[in-house]
Amino acid sequence: MALRHLVIREIKVTLKNPAFIASLILLFVFYAAVGGVTRVGVSQSVEEVRKMAMRIPVVVEESSPLIKALLLNLNASVSNVKLYQSVDEALSENSYVVVFPKGFTEGALAQDMQKVPMLKAVIKLDSLSQVSVQSRVSVVQSVRQVVSRLLPVTLTQLFNITITQKEVALPDQNIATIVYNRVLGLTEVNSILGFSVAAIFVVAFVMGIATSYAATNTAMEKVEKAFEMLLAQPVPRREIVLAKILGSIALALLNAAVVLIAVLVMIYLMASPASSTTGNGVATVIGFDVALLGKNAITYIVLPLTIGLIYSGAIGVVLGSVSPDERTASVLSMPITFLYIGLGIAGMFLSLPINPVTAVIYGVLVAPLPYVFIISELSKNPELLAIGMGTAITLCIMVIAIAIIIFNRDIVILGIRLPRRRKIELE
Amino acid sequence: MSSGVAVEVRNLTKVYGGGVVGVSDLTFAIREGEIYGLIGPNGSGKTTTLRIIATLIKPTSGFAKVFGVDVVKEPLKVRQLVNYLPEEAGAYRDLTGYDFIRFMLSLRFSGRRLEEAVSEAIEIAGLGSTLKRPVRTYSKGMKRLLALSTVLASRPRLLILDEPTTGLDVERSIQVRQIIARYNREYGITVLLSSHNMLEVENLCHRVGILYRGKLVAEGSVEELKVRTGSRNLEEVFMRVRG
Ligand SMILES: Nc1ncnc2c1ncn2[C@@H]1O[C@H](COP(=O)(O)OP(=O)(O)OP(=O)(O)O)[C@@H](O)[C@H]1O
Ligand SMILES: [Mg+2]
């Protein structure tokens with residue numbers, strides 16, 4: 001009997017906490033928004049891909065009867081094949097081109113089963129996003145599949161022979177991309193995207209920690225009843241706010257460093273009995289990315305991280321200062337962390353081209369700034385970075401100012417007053 | 001501003017969110033060197049008044065000045081003249097009592113003066129080796145003593161104490177009252193306190209203001225109030241002016 005009341009109480013106290021309800025609503029809105037935005041991005045690229053597949057642009061570097069017959073079959077069975085003299089010409093009209101390179105025929109006819117016919121492809125990208133890269137790659141790969149399927153049929157037609165099925169290959173190394181007027185291999189592009197996602201995640205994660213430390217510690221001080229005494233001391237409120245931000249940054253960095261080391265230890269321990277190279281593997285991957293992006297790779301993370309930490313610390317102080325207790329503060333800061341990480345990475349999966357408008361959005365979120373860094377460097381477009389960083393710094397200063405204003409007002413002592421339906425009797 | 005006035009409160013009104021009236025059109029003054037007691041039933045506006053004078057919350061209208069300095073216009077300057085013991089004062093759970101004393105006083109003093117103030121606070125607190133333990137292991141009264149000791153040891157020109165002896169045992173209460181009286185006498189510290197203990201107010205305060213529903217309904221020395229209302233003690237005065 002008592003158990004029932006106890007259980008009801010447990011649930012009721014949380015349900016009656018307005019901050020809890022607010023956080024649920026926020027989470028719901030957040031996931032719905034991410035879903036909606038992703039849907040737009042995906043449908044955009046699906047549309048693009050559909051257009052791309054209507055015509056297959058081809059460049060032939062080696063003229064052989066086999067390739068001719070293959071192209072005829074391709075034209076008849078799937079869609080229009082259009083031949084171009086050069087890759088440049090093809091790309092001026094299309095967003096990709098499939099190349100039959102020298103050695104294709106030899107590969108197809110060789111008795112040696114290790115030798116396979118290889119295709120090449122060049123893809124034109126207007127933005128460096130996961131969705132736009134993957135959708136184009138899937139188009140050229142589907143062309144490869146069709147060619148693969150048509151190969152034995154064509155061989156039978158031409159030579160009246162039946163040979164064992166050979167797959168036509170189109171490995172990642174054979175796919176080049178043209179992005180921001182430069183040529184990058186697909187592996188390089190994937191590595192840049194991977195680096196960006198990792199950098200965004202790290203920045204967003206550490207920002208989340210800073211926010212939650214700043215919020216809970218600020219609210220905790222109220223619960224411990226030392227807050228009013230502190231605020232009555234002859235210290236400018238601005239210093240109290242800055243101290244809280246700096247403290248939360250230090251704690252977040254400490255926390256993140258421990259997490260990083262722990263994860264590396266975990267990877268090392270998991271890998272060591274089986275093979276001793278995996279540990280090096282991690283280092284190699286990181287080293288590779290750093291080498292690819294140059295010495296600036298560290299700047300790409302450190303600068304956004306610094307701004308992100310100050311920004312998120314200040315947001316935490318604002319949340320904590322209007323929360324009556326640390327429970328409310330943590331309930332409020334949890335969805336914020338989801339927002340940092342989720343929205344930060346969402347942009348990368350959309351085909352959002354980076355332009356001044358999206359640079360502002362990324363600046364607001366701070367975490368995607370490493371991505372903006374890379375894009376603005378690749379596209380030789382420093383204004384984008386300036387806009388992104390400028391937005392982030394401006395907002396950062398604004399949030400600090402808001403925190404200081406709150407600390408100079410009653411609300412920091414009395415807490416935020418949520419409207420109540422109950423009428424309050426006067427006199 | 002005449003030099004003899006420590007606190008000047010004029011037409012002070014505080015309306016909280018939702019229209020709750022904290023204090024309404026309050027006017028009174030405290031002379032320098034005086035111990036002034038605010039009494040009144042629960043919810044009559046004592047804490048509201050003290051918080052405004054301590055610059056923690058802002059009045060809706062009217063003003064308050066501490067040694068001629070406006071609490072809204074120059075709060076930082078006021079905080080240099082004042083120290084405040086909140087109604088529910090606590091300390092950081094995971095710090096030791098000693099660390100708390102040091103931290104609070106380091107916001108006001110440095111060097112030799114800080115060391116002196118810390119020793120003074122340790123003496124007032126009278127908690128002995130308990131000061132080396134984290135505050136989360138303290139009893140309610142011990143926490144109150146800890147907070148009180150740092151506030152007193154800072155020797156501000158105006159001490160604002162919201163129910164200073166609430167939660168303390170009889171002996172400790174007497175001690176604290178003696179310390180307040182001594183600091184007032186020896187260092188000329190002006191004291192503004194609130195209390196529900198009529199005996200305490202009668203023994204300690206030079207003048208008393210009685211608040212009722214956010215308004216000052218009577219003011220004067222304890223003797224004056226007794227004569228004016230024909231009462232034998234402050235408790236009776238309290239009941240009579242409440243009407
Ligand atoms: N944060 C607040 N929000 C709304 N109303 C408040 C708030 N704090 C105090 N009040 C109201 O202001 C009035 C005065 O309260 P105050 O705390 O000043 O009384 P008090 O005299 O100190 O009472 P007590 O003897 O119980 O400490 C009360 O009606 C109270 O409900
Ligand atoms: Mg009170």
Side-chain angles (χ1 to χ4, degrees), chain A residues 18 213-214 216-244 246-248 251 254 320-327 329 404-427, chain B residues 14-22 24 47-48 50-60 72 75-95 100 103-109 135-136 140 143-144 146-148 150-151 154 156 160 162 213-215:
Chain A
Y213 271 126
T216 46
N217 285 359
T218 304
M220 180 82 98
E221 208 171 14
K222 294 186 191 178
V223 174
E224 291 174 327
K225 307 280 178 208
F227 198 50
E228 278 191 48
M229 248 177 105
L230 176 70
L231 293 185
Q233 303 309 309
V235 180
R237 297 280 165 88
R238 141 177 51 91
E239 277 183 28
I240 295 176
V241 169
L242 290 183
K244 287 189 179 304
L246 293 177
S248 68
L251 291 170
L254 177 70
S321 63
V322 299
S323 304
D325 51 51
E326 78 266 33
R327 195 176 56 135
I404 294 173
I405 290 170
I406 290 176
F407 264 72
N408 274 304
R409 286 176 179 263
D410 289 9
I411 187 174
V412 74
I413 299 277
L414 305 176
I416 199 158
R417 240 188 69 89
L418 290 156
R420 289 271 161 94
R421 262 160 290 145
R422 185 162 44 84
K423 267 203 208 129
I424 294 154
E425 240 176 271
L426 277 176
E427 274 290 282
Chain B
K14 175 68 184 178
V15 182
Y16 288 106
V20 187
V21 178
S24 158
T47 299
T48 303
L50 301 189
R51 277 175 159 180
I52 292 172
I53 298 171
T55 77
L56 289 176
I57 57 176
K58 295 189 174 66
T60 310
V72 174
L76 198 59
K77 216 163 160 189
V78 170
R79 283 179 216 138
Q80 272 153 2
L81 303 168
V82 168
N83 208 344
Y84 168 65
L85 177 75
E87 189 165 33
E88 290 179 79
Y92 303 107
R93 279 197 277 245
D94 299 319
L95 292 189
F100 179 75
F103 166 68
M104 277 297 170
L105 290 170
S106 70
L107 298 176
R108 286 175 182 263
F109 307 115
V135 170
R136 61 173 178 274
K140 187 178 72 177
K143 279 187 241 175
R144 189 108 191 116
L146 184 69
L148 190 62
T150 69
V151 172
S154 72
I160 302 175
D162 201 348
R213 293 190 167 169
K215 287 189 166 16

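We name chains A, B, ... by the order of the sequence lines, and we start the count at 1 in each one. Not measured: the values here are computed from a predicted model.
A distance of 7.0 Å separates CG in B:Asp94 from CE in A:Met220, rounded to the nearest 0.5 Å. How far OG1 of B:Thr55 is from CZ of A:Arg237: 5.5 Å, rounded to the nearest 0.5 Å. Atoms CG and CD1, from B:Leu56 and A:Ile413 in turn, are 4.5 Å apart once rounded to the nearest 0.5 Å. Distance check, rounded to the nearest 0.5 Å: CD of A:Glu224 to NZ of B:Lys143 gives 9.0 Å. A distance of 6.0 Å separates CZ of B:Arg51 from CG of A:Leu414, quoted to the nearest 0.5 Å. To the nearest 0.5 angstrom, A:Arg409 atom CZ is 6.5 Å from B:Lys58 atom NZ.
Considering all non-hydrogen atoms of both residues, A:Met229 and B:Pro86 come closest at CG-CD, 3.5 Å.
Proximity to chain A (any heavy atom under 4.5 Å) is restricted, for B:Ala91, to the backbone atoms N, CA, C and O. Interface remark: B:Thr150 contributes side-chain atoms only to the contact with chain A (heavy atom separation under 4.5 Å).
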Decide side-chain contact (heavy atoms from CB on, under 4.5 Å) for A:Val235 and B:Arg108; before the verdict, give the C-alpha distance in whole Å, the side-chain angles of both, and the deciding distance to 0.1 Å.
CA-CA 8 Å; A:Val235 180; B:Arg108 286 175 182 263; over 6 Å; no

Walk me through it: do A:Leu230 and B:Phe103 pass the test side-chain contact (heavy atoms from CB on, under 4.5 Å)?
CA-CA 10 Å; A:Leu230 176 70; B:Phe103 166 68; 3.8 Å; yes

Set out, in order, the CA-CA distance, both residues' side-chain angles and the distance that settles side-chain contact (heavy atoms from CB on, under 4.5 Å) for A:Asp410 and B:Lys14, then state yes or no.
CA-CA 11 Å; A:Asp410 289 9; B:Lys14 175 68 184 178; 2.3 Å; yes

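Heavy-atom pairs under 4.5 Å with chain A peak, among B:Arg93, B:Gln80, B:Arg136, at B:Arg93.
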